[in-house]
Amino acid sequence: MAVTLAQAINQALKDAMSDDERVLMFGEDVGRLGGVFRVTDGLQEMFGEGRCYDTPLAESGIVGTAIGLAMYGYRPIAEMQFDGFTYPAFEQIVSHLAKMPNRSRGTVKLPVTIRIPYGGGIGAVEHHSESPESYWVHTQGLKVLTPGTPEDGYSMMRAAISSDDPVVFLEPKRRYWMKSDVELPVETEPATQAVVRREGTDASLFCYGPMVRTALEAADAAADEGWYLEVVDLRSLAPLDTPAILASVQRTGRAIVVHEASRTLGMGAEVAARIQEGAFYHLEAPVLRATGFDTPYPPAKLEEYWLPDVDRILDCLERSLSY
Amino acid sequence: MAVTLAQAINQALKDAMSDDERVLMFGEDVGRLGGVFRVTDGLQEMFGEGRCYDTPLAESGIVGTAIGLAMYGYRPIAEMQFDGFTYPAFEQIVSHLAKMPNRSRGTVKLPVTIRIPYGGGIGAVEHHSESPESYWVHTQGLKVLTPGTPEDGYSMMRAAISSDDPVVFLEPKRRYWMKSDVELPVETEPATQAVVRREGTDASLFCYGPMVRTALEAADAAADEGWYLEVVDLRSLAPLDTPAILASVQRTGRAIVVHEASRTLGMGAEVAARIQEGAFYHLEAPVLRATGFDTPYPPAKLEEYWLPDVDRILDCLERSLSY
Amino acid sequence: MGRTVTGVDSSDEGPPGDPHGWLPPDEPVSLLDPDGSYHEDPEHPLDLDDEQLRELYRLMVVTRKVDREAINLQRQGQLGVYASCLGQEAAQVASAYALGADDWIFPSYRELGAALVRQVDAAGLLHLYRGTWLSDHDPYAHNFALMSIPIGTQALHATGFAMGAKLDGASIVTLTYYGDGGTSEGDPHEAMTFAGVNDAPVVFFVQNNQYAISVPLDRQTAAPTLAHKAIGYGMPGLRCDGNDVLGTYAVTRRAVERARRGEGPAFIEAMTYRMEAHTTSDDPTRYRTKEEREEAAKTDPIARMKNFLTARDLYDDELEREIDEQAQELATYVRDGIYDADHGDPMELFEHVYVEPEGHFEDQAAQLRAELDSAGEGS
Amino acid sequence: MGRTVTGVDSSDEGPPGDPHGWLPPDEPVSLLDPDGSYHEDPEHPLDLDDEQLRELYRLMVVTRKVDREAINLQRQGQLGVYASCLGQEAAQVASAYALGADDWIFPSYRELGAALVRQVDAAGLLHLYRGTWLSDHDPYAHNFALMSIPIGTQALHATGFAMGAKLDGASIVTLTYYGDGGTSEGDPHEAMTFAGVNDAPVVFFVQNNQYAISVPLDRQTAAPTLAHKAIGYGMPGLRCDGNDVLGTYAVTRRAVERARRGEGPAFIEAMTYRMEAHTTSDDPTRYRTKEEREEAAKTDPIARMKNFLTARDLYDDELEREIDEQAQELATYVRDGIYDADHGDPMELFEHVYVEPEGHFEDQAAQLRAELDSAGEGS
Ligand SMILES: Cc1ncc(C[n+]2csc(CCOP(=O)(O)OP(=O)(O)O)c2C)c(N)n1
Ligand SMILES: Cc1ncc(C[n+]2csc(CCOP(=O)(O)OP(=O)(O)O)c2C)c(N)n1
Ligand SMILES: [Mg+2]
Ligand SMILES: [Mg+2]
């Protein structure tokens, strides 16, 4: 059956809410409207206004009440409408959601899932195309997951909701309409493991979320030229599956990290740092980064020039091979 | 004259406010109290309640009104009382302070300085010892400066206030009482350049803010063992002085980055990524990181175990030399 | 009709300790009925001459025309998205018109009407929605700040600016727009707090169009009205019929002049209705009925002003033609300015990040330059 | 003297459209004068028996004793810092006492008195200030949430918890404490908004102790009183003399029971005074006079309750001795629990970050282990 990423996540929400009545879904416009991307479509009808509801327009309120609901015993899923609108909730996420379990010496569990549609490439206006993952990954105490396929959309969302730890769940919005042929429910690899999406010998491409497809396309293009790229979908940005990353580089000797976020202190920095720490003698070239630039996210008409694409990845490959 | 870092910053504020009546200073308790660290001591007396004033307890309000004041033509300096209390202002900093000049195609300038006492080691309760620099450095459009000496405290603060770009000015609070023998005013190297604090041949220590002194102590200790470390004070975290970083590694062949912030996506990740990108063939060992752990900042009695110190730096040196 | 708004009068020197003078009236101030009949209100005398009355009408008609053009442009793929102000023309035009030339406006993303009062280049304004740049007008040329998308954030900029004007001794008032949904965010709360304690000359103008995307007003507050929030900050909470251009003008005008006299900020709730979808990406059939929408259309702000002018003999076919032509002209101008407008130079992405660049973009700019060159060669 | 608080009575079914019923009274409710004389108030009958009256007194005295002990411990270098509740004992004890056993408290960092009502281990509580861990009590054992340092943030947790209780059909009310300064932050605003629209059974209890560190109330709001904020969220804004343990109890009790009946949230402003420095790190001589402090001491909450009990023949030397002994006992217990208490095991730093650890700390934990071992060897 052809399932889009948005449908897969929607189904995961439905199944989780059916299986466990402590699961709640709330946020701006998630009720009657079904979310601006329709990811929560039908939930309010199925589970009532008590379990799927529209909140006031206040993101700190959404996350802060999620924490209170979780303390009570619920398992809240909170939607932030867009990446760029999570920032009002920053304090609640960083100072409480991430830290309260640790603060409490483990007596308070916060099984909260924060859903965030993220990334660009959809021609949107400002603040609707950002990639804020570094903010969450640098914040200790959170798990940060991001699916790159509809299968993972379903399976990783179920894992996020079942986790007793707070999870930031980043949904690559430009892939919401990407389809897979799959029967739901489906269970993929454990959510905190990286997965090799394509094996290769000449270099490793590390990618996640919206860039998984792009990386696979780059690998296709490279294969046409006789270069075989291994594509590793990181899936979990925190924790980061360092062993899988190192294993791939040990096979290929070269690494390129791909992400939409700006380069400086994007995930590429951390992946590069870990690779050179852990596989120093295996590296035949520096770890390179095919990323967005160190400028604010551009206006829609210029985003194609800003976002990493197959060409930028192949440029990196060329540079890597030149060492 | 013996001047502490706190006094040097205080003098910089006074001199800037004397020189330019558009400079304002505000925040929580900066007026009558002179700030919880007395960094704004005497300003309200000298310049009146119009130019140095206490705000309501609301950090988003502090930064948001700073933006409006800057649009009007003032040069506001806003104090966030502690690192851990900047988060309510996150949206105003990330979505407006950093982006509005770019958004406006350069017609709107925001010469705002956000002063943030940061870092640990003072035995404080939770939220008072954090090192949030990665959040600001990953946010494109901000300049992020941090002095490691009283001289720089004065000179870099003057530079921050004179800059037409928004500056996040991170003050290493555990060094507020550190003294230098210096006559003020003093002008040190340009604020966005890294400075070699001590020359060496065997490895480079990259540090900033509170860790400058620690790195120098480590270099002393290493010298006793016959190893000569070059100590580079980064000073400007955004932009990062990559040429100076690479030049040092080209001299020494080894690099260790030191910071209090948690390791994952701390500044060490970016510095490591740039070094291996830019000086791949010069590296005799991986860039190592002597940092805080990937856990929330610890309670006061355990902070000595969490914070990087001379021993942790020397451990890194030993590992580096073992390659 | 329209209980008097106390607390906004300069003669009302009662301390805020007397809360009753500061509470909103039961009914919003309204001078024009939906059919266009006019009520005298001694508290709100009209200081508008015939030309100005016609001007208010003209501005509303032009706004509607350009708004429609923008929707068309979006349908034709020329804009990525657009947030219409259909039905809110009176609220925007009247409030902006109540300001003096030196006063500043801090809009959200829906204030085409206010922008047109300020003669902001409407084609430039739409570049935000086209995505050719993030904004395209000089705020200092029109005292009209950039449009602000993160909800409610601009209320703080307006407050800070007003604090600055006051400190500088300038006779400038600021007015900021946000929506009913926006009142739930923390920023407008902090803005009103700052404005209150600093007696800042700022007017918080909320267009209560009943919805925040799909979420109706009753999910945003349990307060009797949004204007009731004002007293919690020690400022008057005013209400007006936002579809009545005269009532809205009168209420805003008094608040603005009061602020200018140094008597502090005010909050205005303008009752109106978002007749279009939230944006062109939205599907309002999912959350409201056709009937509701049709009912709301009966309160149309433009029709009633036309009736009013007609009754006063201020409206005739010639005026109609003249205004229609002007509206068409501006719509055409906007169309021409947007249609197939150049996407701009990608290299500009590196140009405005810092006022004082430090050269650290050079490698990334070079990378993009090379990418552009090789794409050019390839194509 | 204490105008009646309307709007909190279950018989008051007036719609929120009638704002007058929801506005705070001119004077805070007070049943006990500073000299201890008692006023009957039909709106606030006391439902407390003699034992309970004595219990309130006992709790205040014990709170003050332990508070003093904590200050001593800080002076002796045993605590890093401490935020005293001196002068606020009545506000805290009375409000916490007004709750049922299943109700939850969401405190800030100053609520020793409320914690003692809940029999939270006071030595455990002080570990936060000692720095031996970030908190050291089980919230579920006392229905007392962890202390919260980021100002006002806990108001949202209390609201979410109350929303949960309501959804679950449980008869649980939550009460959250924050300060006058805290009312300026965005979070309490959002909390009151959420509470209002969800009719959540939560009581927002603000201890207006006149200062936020050095900043006096008039820099936080231009509103007539903090309680005026409540109407902007459609809930009653109540005020009480926070140094009057009986008035505070009565006002809180009604708000709590009202919430329990499903009639929604309430806001209480308890007027009190922070008699100590903000924390032991603070120097209040920089911003307030000795005279002001001395004036405030005259309204001491404990002295007046003692007079009241004495006048009712509920107080004698024996009770005094008994209470003093109890207080001394707890103070000694706290002292013993804190003095030179073990700093804990640094390896614990890795233990609670995640409930479901993923093993990715192993290398860092090993690093610390090695550092500890080598330090052990070295010393
Ligand atoms: C901080 C933030 N959160 C969410 C959004 C997404 N969003 C855009 S408009 C809107 C509704 C705004 O409603 P209202 O304030 O009533 O203004 P209106 O659109 O009706 O003019 C939302 C939720 C946003 N722009 N900013
Ligand atoms: C978000 C945040 N900003 C700043 C601080 C620093 N701070 C701690 S207590 C305090 C004053 C609080 O005043 P108030 O709310 O009146 O409570 P009180 O201390 O008087 O009980 C401040 C500014 C903080 N803890 N959290
Ligand atoms: Mg609206
Ligand atoms: Mg206070």
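To find a chain, count down the sequence lines: A is the first, B the second, and so on, and within it residues start at 1.
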With a 4.5 angstrom heavy-atom cut-off, is it the side chain or the backbone of A:Gln193 that approaches chain D, or both, or neither?
neither
Contacting moiety of [X], where chain A heavy atoms sit under 4.5 Å:
| X | value |
| --- | --- |
| D:Val197 | side chain |
| D:Ala191 | neither |
| D:Glu348 | side chain |
| D:Phe106 | side chain |
| D:Leu128 | neither |
| D:Asn198 | neither |

Spell out, as yes or no, whether a donor-acceptor pair under 3.5 Å connects the side chain of A:Asp164 to the backbone of D:Val355.
no
Check [X] against [Y] and note the closest heavy-atom contact, atom names and distance.
| X | Y | value |
| --- | --- | --- |
| D:Leu156 | A:Ser60 | CD1-O, 3.4 Å |
| D:Phe194 | A:Ile62 | CZ-N, 3.6 Å |
| A:Gly64 | D:His157 | O-CD2, 3.4 Å |

Using only non-hydrogen atoms and a strict under-4.5 angstrom cutoff, which residues of residues 91-110 of chain A touch chain D?
A:Glu91, A:Gln92, A:Ser95, A:His96, A:Met100, A:Pro101, A:Asn102, A:Arg103, A:Ser104, A:Arg105, A:Gly106, A:Thr107, A:Val108, A:Lys109
With rounding to the nearest 0.5 angstrom, report the [atom1] to [atom2] distance, [X] to [Y].
| X | Y | atom1 | atom2 | result |
| --- | --- | --- | --- | --- |
| D:Glu358 | A:Lys143 | CD | NZ | 4.0 Å |
| A:Ile67 | D:Thr159 | CD1 | OG1 | 12.0 Å |
| A:Leu142 | D:Tyr354 | CG | OH | 6.5 Å |

Please rank A:Arg51, A:Met71, A:Glu21, A:Arg22 by heavy-atom pairs under 4.5 Å with chain D and give me the top one.
A:Met71
Most heavy-atom pairs under 4.5 Å with chain A, out of D:Thr153, D:Val353, D:Ile172, belong to D:Thr153
Taking D:Ala165, D:Ala158, D:Ala200, D:Pro139 one by one, which has the highest count of heavy-atom pairs under 4.5 Å against chain A?
D:Ala165
For residues [X] and [Y], determine if any side-chain heavy atom of one lies less than 4.5 Å from a side-chain heavy atom of the other.
| X | Y | result |
| --- | --- | --- |
| A:Tyr72 | D:Leu167 | no |
| A:Ser163 | D:Glu356 | yes |
| A:Phe26 | D:Met163 | no |

